[in-house]
Amino acid sequence: MLRFGRVLFKEAGTGISKTLSEILVCPLSKQPLRVCEKTNSLISDSIGVSYPVVDGIPRLVPSNGKIIDDEEASNSNSAVDPDAVKNDHQRCSS
Amino acid sequence: MDNAIMSAASLHRTLPALPGQHSRPVFRSKTRLVRCSNERQVLFDRIAPVYDNLNDLLTVGQHRIWKRMAISWSGAKKGDNVLDVCCGTGDLAFLLSDKVGPTGKVVGLDFSKEQLLIASSRQHSQSKTCYENIKWIEGNAIDLPFPESSFDAVTIGYGLRNVVDRLKVLEEVCRVLKPGSKVSALDFNKSTNPFSTSFQEWMIDYVVVPAADIYGLANEYRYLKRSINEFLTGKELERLALNAGFSSAKHFETGGGLMGNLVAVR
């Protein structure tokens, strides 16, 4: 019960539900998105772009996207896709 | 993929300022054409606060009937995952929500942030718990952010006429539909009957625009006549849907020929 409550609180903080992030893909590359809780955004690792989530509504018009530079990529944090995080670390350390 | 990267590269850094960020009025003259996607987005942001009231006033509430018919034609049923493209303030999404019930899911997508905010507040102001199955996405109909074969039905209400690239939108809708599922697109009918066309134009000039003028939106609704003229006839829409990859397409006229509904099967 406590763990379920923590999950709900976490989802409320991100402003986007995990269910929603699972049905969405990058509008340009059509590849999966991962949730970045730190920046409250959806990250398209395939093209290095982040899309904001505002008031719980993902803003997935391509022009809303922001290109992530290497420093932002190393600071962004998500527990959803461990392979993506590994790639970020490799990019920052190269 | 290279095209996607090129598009992404031009995203944030080189995007020109939206018309709304300047002090000059968006619409300079009565005959100015609302051509590009940005200007249309601004238009729909501007009419958002009165959109629902004007729909009721201008159609004497009949738009609700046409929308229910559009839902029927889509084949949406209990438990389905469905998408409403160009959802605006959410009329079709709310009808879909009732149709698919709590075991189903509705996604409403629109490029107008203002219209989505209204949709979201309508959702939360309702006491119906089944509206909890609706999610709102700000997105562009020509670049749908969903995987292939995601949905059991797609609806588009008064949206296909307003998008800049209708073929691309239909291709995207086809892509995200499950095989054998339908899109139901309701819109004004561009009639081949000169009497119907004249009546429609008269209605816009002498009923719609004066009513919109009460809200200070006469210019925005004058856009309607031009956009219907630039729209496709029922037969042309059927052909477009087949070109977009649908296996069959049929256009039905409703509202005494004023409205039309395209139904296409993936």
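Every chain is numbered from 1 and lettered A, B, ... according to where its sequence line falls, protein lines coming before strand lines. Because the structure is predicted, anything quoted here is derived from the model rather than measured. Side-chain atoms are counted along with the backbone in the values below, which use heavy atoms only and exclude waters and symmetry mates.
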Closest contact, heavy atoms only, A/Ile57 versus B/Trp136:
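Smallest interatomic distance, heavy atoms only, reads CG2-O, 3.6 Å.
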
Where is the tightest heavy-atom contact between A/Pro27 and B/Asp143, given as atom of each residue plus distance?
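For A/Pro27 versus B/Asp143, the nearest heavy atoms are CB-O, 3.3 Å.
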
Atom pair [atom1] ([X]) and [atom2] ([Y]), whose distance is rounded to the nearest 0.5 Å:
X: B/Leu117; Y: A/Asp55; atom1: CG; atom2: CG; answer: 6.5 Å
X: A/Leu60; Y: B/Leu109; atom1: CG; atom2: CG; answer: 8.5 Å
X: A/Ile23; Y: B/Leu83; atom1: CD1; atom2: CG; answer: 9.0 Å

Residues, nucleotides or ligands: over 12 heavy atoms within 6.0 Å of B/Lys113 NZ
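No, NZ of B/Lys113 has 12 or fewer neighbouring heavy atoms, counting only those of other groups under 6.0 Å.
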
Specify which of B/Ile137, B/Leu144, B/Asn140 makes the most heavy-atom pairs with chain A at under 4.5 Å.
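The option with the most such pairs is B/Ile137.
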
Does A/Lys30 form a side-chain contact (heavy atoms from CB on, under 4.5 Å) with B/Glu148? I'd like the steps, not just the answer.
CA-CA 9 Å; A/Lys30 312 301 185 196; B/Glu148 182 173 323; over 6 Å; no

